[in-house]
Structures are given as C-alpha cells and as structure tokens.
Chemist: 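The structure follows.
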Amino acid sequence: NPCPESGASFVSKITFWWFARLIWKGYWTPLQPDILWSLAKENSSEEIMGKVKDAWDKGCPKSEQMTKFARFKRRLTQRENADETTLLLQPEAIKSKELLKTFWTVFGTYFLLATLCLVTCDVFLFLVPKTLSLFLDFINDQEAPLWIGYSYAAAMFLLACLQTLFEQRYMYMCSVLGMR
C-alpha cells in the first residue's frame with residue numbers, strides 16, 4: 001500500500017490534502033495496519049544507510065589521512081610532555097567533523113529546503129503587522145477609496161494563511177528529517 005505523498009502535487013503537499021483520505025477513513029472506521037501506507041522508499045533505513053555509507057566512504061580517505069597526521073602530531077607532542085586532554089580529544093574532533101560532513105552531504109538539501117520554508121514563514125510573519133499598520137492608516141484617512149481597505153484586509157488574510165502553510169510545511173520537514 002504505497003504512500004500517496006510521492007505522487008502528490010505541490011499544492012496537495014503543502015495543504016496535506018494527500019493525507020485527507022486516511023483521516024476520513026480513520027474517522028469512520030478504526031485504522032488497521034493493512035490500511036496504513038508502507039514507509040516511503042526515501043525514508044527507509046536501507047535507503048538512508050546506503051546514502052550515509054556512500055557519503056562516509058567518500059570522506060574516509062580524508063579522515064584516514066587526518067588520523068595519520070594526528071598520530072604523527074601526537075608523537076611529537078608526547079615528546080614535549082603535552083597535556084593528556086589534548087591528546088585524547090584530537091581523534092574525536094576529526095571523527096565528529098567527518099560525521100557532520102557526512103550528515104550534511106546526505107540531508108543538507110532537505111535541511112536547506114526546510115530552512116527556506118521557515119524564512120518564508122518569517123517574512124510573512126513580519127508583513128502582517130506592516131499591513132495592519134497600513135490598514136490603520138487607511139481607517140484614519142476619510143478620503144481614501146474603499147477598495148484599498150478591502151485589499152489590505154484581503155492581504156492580511158492571505159499573508160496569515162501563507163504563513164501558516166509554510167510554517168506547517170517546515171514543521172513537517174523537520175519531523176521527517178528527525179525520523180530519518
């Protein structure tokens with residue numbers, strides 16, 4: 001039973017309309033495991049671990065060279081009676097950098113798209129009060145045409161709706177990224 005999200009349009013994804021059929025089924029009858037969708041291929045552990053392993057293997061020669069350099073540096077510092085904490089932390093810093101780089105290679109695009117959704121949401125968040133300020137100025141101006149007031153009211157409603165849509169898309173993308 002494949003997940004319909006992969007074949008859904010942009011509007012369907014951003015409004016979660018692809019999910020509505022399952023919600024209505026769950027409303028009328030209790031959901032059973034055979035009714036639920038299977039996990040999308042891009043969210044499966046086999047797919048994700050394959051990507052992580054490939055990215056790790058690409059970065060592995062660099063980490064091996066850095067490890068050799070750290071060992072050489074450790075030998076030099078041991079001769080100079082270096083601090084123990086410096087010696088113990090050197091390989092861990094190299095491994096954590098490689099792990100972070102691997103995760104960025106695998107999930108970076110998805111993270112950037114989620115960040116773009118959040119930035120767009122924040123832009124709409126700041127535009128709503130500015131539009132409200134313009135609307136209040138319109139109310140104080142007795143000679144302004146009536147259509148301007150309607151357009152400000154419609155703009156505030158549209159901005160609030162778009163803000164909500166992009167915020168919920170951001171939250172969904174963060175949940176998927178956390179699951180992955």
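We count residues from 1, following the sequence as given.
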Chemist: Just how far is it from atom CG of L22 to atom CG of L36, taken to the nearest 0.5 Å?
Modeler: 6.0 Å
Chemist: W104 and W56: same hydrophobic cluster, using ILVMFWY side-chain contacts below 4.5 Å?
Modeler: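 They do share one cluster, since a chain of ILVMFWY contacts under 4.5 Å joins W104 to W56.
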Chemist: Identify the heavy atoms of S44 and L39 that sit nearest to each other, and give their distance.
Modeler: CA-CD2, 3.9 Å
Chemist: Treat each ILVMFWY residue as a node, draw an edge where side-chain heavy atoms are under 4.5 Å apart, and state whether Y150 and F157 are in one component.
Modeler: no
Chemist: Check step by step if side-chain contact (heavy atoms from CB on, under 4.5 Å) holds for L136 and I139.
Modeler: CA-CA 5 Å; L136 292 174; I139 291 173; 4.2 Å; yes
Chemist: So for atom CH2, which belongs to W17, do other residues, nucleotides or ligands contribute more than 12 heavy atoms lying within a distance under 6.0 Å?
Modeler: no
Chemist: Between D57 and K53, is there a salt bridge with N-O shorter than 4.0 Å?
Modeler: yes
Chemist: Look at the side chain of S12 and the backbone N and O of A8, then say whether any donor-acceptor pair between them is shorter than 3.5 Å.
Modeler: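 Looks like no, no N/O pair under 3.5 Å.
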Chemist: Linking I/L/V/M/F/W/Y whenever any side-chain heavy atoms sit under 4.5 Å apart, do L159 and I14 land together?
Modeler: yes
Chemist: If I take atom NZ from residue K51 and atom OG1 from residue T105, how far apart are they, to the nearest 0.5 angstrom?
Modeler: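 Between atom NZ of K51 and atom OG1 of T105 there are 12.0 Å.
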Chemist: Which residues end up grouped with L116 if you chain together Ile, Leu, Val, Met, Phe, Trp and Tyr wherever their side-chain heavy atoms are less than 4.5 Å apart?
Modeler: none
Chemist: Measuring only between side-chain heavy atoms, which start at C-beta, is K13 closer than 4.5 Å to R169?
Modeler: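 Touching, per the 4.5 Å side-chain cut-off.
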Chemist: First locate atom CD of E42, then atom CD of E47, and finally report the distance between them rounded to the nearest 0.5 Å.
Modeler: 7.5 Å
Chemist: Would a distance-only check, ignoring hydrogens and angles, find a side-chain to backbone donor-acceptor pair under 3.5 Å from N1 to I35?
Modeler: yes
Chemist: Work out which heavy atom in A160 is nearest to a heavy atom in V128; give both atom names and the distance.
Modeler: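 Closest pair (atom of A160, atom of V128, distance): N-CG2, 4.1 Å.
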Chemist: Run I148 and L134 through side-chain contact (heavy atoms from CB on, under 4.5 Å) and show every step you take.
Modeler: CA-CA 10 Å; I148 292 177; L134 293 172; over 6 Å; no
Chemist: Which heavy atom in M173 sits nearest to a heavy atom in C117, and how many Å separate them?
Modeler: SD-SG, 4.0 Å
Chemist: Side chain of Q168, backbone of L165: donor and acceptor closer than 3.5 Å?
Modeler: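 Here the side-chain-to-backbone pair exists.
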Chemist: Looking at P2 and S38, what are the two nearest heavy atoms and their distance?
Modeler: CA-OG, 3.9 Å
Chemist: Using a side-chain heavy atom cutoff under 4.5 Å and only I, L, V, M, F, W and Y, what cluster partners does L118 have?
Modeler: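 Its cluster mates, by chain and number, are Y170, M171.
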Chemist: Please list all pairs passing the side-chain hydrogen bond (donor to acceptor under 3.5 Å, both in side chains) test where one or both residues lie in residues 133-147, with sequence neighbours left out.
Modeler: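 Not a single pair qualifies under side-chain hydrogen bond (donor to acceptor under 3.5 Å, both in side chains).
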Chemist: Is I23 linked to W18 within one hydrophobic cluster, defined over Ile, Leu, Val, Met, Phe, Trp and Tyr using a side-chain heavy-atom separation of less than 4.5 Å?
Modeler: yes
Chemist: Should the pair F166 and F124 be assigned to parallel (<30°), tilted (30 to 60°) or perpendicular (>60°) ring geometry?
Modeler: tilted
Chemist: With no hydrogens and no angle check, just 3.5 Å: does a side-chain donor-acceptor pair link Y172 and E167?
Modeler: no
Chemist: Tell me whether L158 is reachable from F10 by hopping between hydrophobic residues (I, L, V, M, F, W, Y) whose side-chain heavy atoms are closer than 4.5 Å.
Modeler: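 They do share one cluster, since a chain of ILVMFWY contacts under 4.5 Å joins F10 to L158.
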Chemist: Less than 4.5 Å apart, any side-chain heavy atom of D54 and any of V106?
Modeler: no
Chemist: Other residues, nucleotides and ligands only: do more than 12 of their heavy atoms fall within 6.0 Å of CZ on F111?
Modeler: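 It does not: F111 CZ has 12 such atoms or fewer within range.
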Chemist: For W37 and F19, I'd like to know if the aromatic rings sit close, meaning centre-to-centre distance below 6.0 Å.
Modeler: yes
Chemist: Identify whether NZ of Lys or CZ of Arg in R180 sits under 6.0 Å from the centre of the six-membered ring of Y110 and within 45° of that ring's axis.
Modeler: yes
Chemist: Working to the nearest 0.5 angstrom, can you tell me the gap between L132 CG and M156 CE?
Modeler: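 CE of M156 is found 5.5 Å from CG of L132.
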Chemist: Just say parallel, tilted or perpendicular for the rings of Y27 and W24, cut-offs at 30° and 60°.
Modeler: perpendicular
Chemist: Any side-chain heavy atom of L177 sitting closer than 4.5 Å to one from F107?
Modeler: yes
